[in-house]
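Working notes, structure below.
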Amino acid sequence: MENKLSLYNSLTNKKEVFKPIEDGKVGIYVCGPTVYSSSHMGHARSAIVFDVIVKFLRNIGYEVTYVKNFTDIDDKIISKAVEFNVDSKEIAEKYKQEYIKDMKDLGCIEPDFQPCVSDNIDGIINLILSIIDRGFAYEANGDVYFNISKFENYGKLSNQSIDSMLTNHRIEFNPNKKNDLDFALWKKVKDNEPSWDSPWGKGRPGWHIECSVMSCNHLGSNFDIHGGGRDLIFPHHENEIAQSESINEGNFANYWLHNGLININQEKMSKSIGNIINIRDALERWDFNLIRIFFLSHHYRTPVDLSEGRLMEIERSIKKIIKRIRTNSPNKNNIKKFNTLWKEAMLDDFNTAKAFGIFFKCVNDGEINLDNIDEIKEFENVMGINGWMNLLAIKEESKGDEIIREIIDKRNLARKEKNWKLADELRDKAEKLGFILVDKKDSTTWEPKDR
RNA sequence: GGCGGUGUAGCCAAGCGGUAAGGCGACGGUCUGCAAAACCGUUAUACCCCGGUUCGAAUCCGGGCACCGCCUCCA
């Protein structure tokens, strides 16, 4: 591969040159949602970030296998099922379908594989058996726990020593565990819970084990990239590493990529604060292109503050850029430069923010116009934006033609008579109705007022 | 307490050793009856503070300060 891609590896906390295990191919696993409620903007950011990463890897010639799971067995799903008195499968299926639709509406490609925990119980049981066999896990009263004291690299991703974790944790005491930090691979069934037969009796998988199984299923026991939100580093990803590496030689995943989280108006987005924004609601209000560009104009690792004002800023800037492209003279064409520069930015740890900066600059320098707009297709495809050039047109033709026409005619008459007071009043009236009047040389047109 | 992150103009945001991208806003100008829009121009001798390394530091090192996240379920 000619292109030298470097990326920030959370495992080493350093930027590294990317070397795939198999030349020209990349296996990437991204932690998907636990399907117990509608997906929110945090899911959206993670999805968009990795969507762009996969698209870019393909753009520079890699053959990518992209896997993203659904966690469809989980405490929260079960309690929701109890609450609504339905089968937990129903809950999981409902939100899984919602998620699939949300992703599509956000312009994200479908992963090559989207496995569910419930389809992988046999594999999970087999993996647990191997871990027990190797002496890294033990059964206790129908539960199975991973024994972290046996795994010497425990803490290597989150950079913590077992000692410090032991003194700092907030885990409830559990008499079945040998160490407080041991985590469940298999949980003994409690009443009314979905359960499967296993060598340890009826039960269900713990959280973490599913990802070890499903990633290795599709990508092998050693693969290139594992991604997910920052908040998953500990304990989820740490535990995945422990499970997987206890029975296999070498690294589980070579590169760990973690996207930053979202704040809403400077506050952490959380259920308890009640400021969760669902993807569906956001899409009702904002074009998906704007949502993508908003996220992509930040580097994927930094936290992002999401607010109405920020989205409006993006909307304004996109409107300007569209007008600019439309009015730029076709004489100046420097699309090659643009296509070189944005790719360079992306090769450096997927710097989408820089790539968009370059885009704005090239447009404002007059180098991109209606004549060569087709040649930025590659950029659009990688960023997953499309149809955004028509963002304005659709709105301009929206509604209310007749009323506004009437106001314009009256006002133009008033202007002819130099009745400025009446003319201004009519303009204000139009604005109150949601229209901005635009006087041109010898005609007046209108645009919808900004939100 | 441990681990990690962040601190760059009014706001947002790149930059990762070679002399501060980009966006929003603001201001000035052109246009206009006046506006709006559009266009042109201006907008950080300077990157939280203090030391150090270097010919050279926003960038590296040491020490502070502030904010945030994780350490319990979370994208």
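Only a predicted model underlies this, so the values are computations on that prediction, with no experimental measurement involved. In what follows, every chain begins at residue 1, and chains take the letters A, B, ... in the order their sequences are listed.
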Are the side chain of [X] and the backbone N or O of [Y] linked by a donor-acceptor pair below 3.5 Å?
X	Y	result
Thr302(A)	His299(A)	yes
Asn59(A)	Lys55(A)	no
Arg310(A)	Asn265(A)	no
Ser164(A)	Gln160(A)	no
Arg204(A)	Pro194(A)	no
Asn289(A)	Asn386(A)	yes

Note: Asp349(A)-Arg301(A) ion pair, threshold 4.0 Å (strictly below)
yes
Check ion pair Asp424(A)-Arg411(A) (N to O, under 4.0 angstrom)
no
Whole angstroms only, please: what is the [atom1]-[atom2] distance between [X] and [N]?
X	N	atom1	atom2	result
Asp102(A)	A75(B)	CG	P	14 Å
Leu157(A)	C70(B)	CG	C1'	12 Å
His236(A)	A75(B)	NE2	P	9 Å
Glu240(A)	A75(B)	CD	C1'	14 Å
Met165(A)	C70(B)	CE	C1'	12 Å
Phe234(A)	G2(B)	CZ	P	16 Å
Phe338(A)	G22(B)	CZ	C1'	13 Å
Asn412(A)	U32(B)	CG	P	15 Å

Identity of whatever pairs with [N] - Watson-Crick or G-U, under 3.5 angstrom:
N	value
C39(B)	G29(B)
G56(B)	none
G1(B)	C71(B)
A44(B)	none
U6(B)	A66(B)
C11(B)	G23(B)

Would you say Lys410(A) has more than 12 foreign heavy atoms packed within less than 6.0 Å of its NZ?
no
Distance, [atom1] atom - from [M] to [N], rounded to whole angstrom:
N	M	atom1	result
U53(B)	C16(B)	P	24 Å
G10(B)	C73(B)	P	43 Å
G15(B)	A57(B)	C1'	13 Å
A44(B)	C11(B)	P	14 Å
C70(B)	A75(B)	C1'	14 Å
C65(B)	G56(B)	C1'	28 Å
C60(B)	G18(B)	C1'	14 Å
G62(B)	C40(B)	C1'	49 Å

From C-beta outward on Ala423(A), which listed nucleotide comes closest to its side chain: G69(B), G33(B), G25(B)?
G33(B)
Could you tell me whether the side-chain ring of Phe360(A) sits stacked on the base of G22(B), using a centroid cut-off under 5.5 Å and a plane angle under 30°?
no
Classify the ring geometry of [X] against [Y]: parallel below 30°, tilted from 30° to 60°, perpendicular beyond 60°.
X	Y	result
Phe359(A)	Phe338(A)	tilted
Tyr99(A)	His43(A)	perpendicular
His208(A)	Phe183(A)	perpendicular

NA contact type, [X], heavy-atom cut-off 4.0 Å: base, sugar-phosphate, or nothing?
X	answer
Lys361(A)	sugar-phosphate
Ile358(A)	nothing
Asp74(A)	nothing

Could you run through nucleotides 34-41 of chain B and give me one letter per nucleotide, 5' to 3': B if any protein heavy atom sits under 4.0 Å from the base, S if only the sugar-phosphate is that close, - if neither?
BBBSSSS-
For each nucleotide in nucleotides 3-13 of chain B, reading 5' to 3', give B when a protein heavy atom comes within less than 4.0 Å of its base, S when such contact involves only the sugar-phosphate, and - otherwise.
SSS-----SSS
Kindly confirm or rule out a cation-pi arrangement of Lys76(A) over Tyr36(A), judged by NZ or CZ under 6.0 Å from the six-membered ring centre and within 45° of its axis?
yes
Mind checking whether Ile314(A) and Trp286(A) have side chains closer than 4.5 Å, heavy atoms only?
no
Considering just the side-chain nitrogens and oxygens of Lys68(A), establish if one lies under 4.0 Å of OP1 or OP2 belonging to A75(B).
no
Nearest-nucleotide 5' precedence on RNA chain B, Met269(A) against Gly357(A):
Gly357(A)
Closer to the 5' end of RNA chain B via nearest nucleotide, is it Asp231(A) or Phe356(A)?
Phe356(A)
Go through residues 38-52 of chain A and report each residue with a non-hydrogen atom lying under 4.0 Å from RNA chain B, sorted by number.
His40(A), Gly42(A), His43(A), Ser46(A)
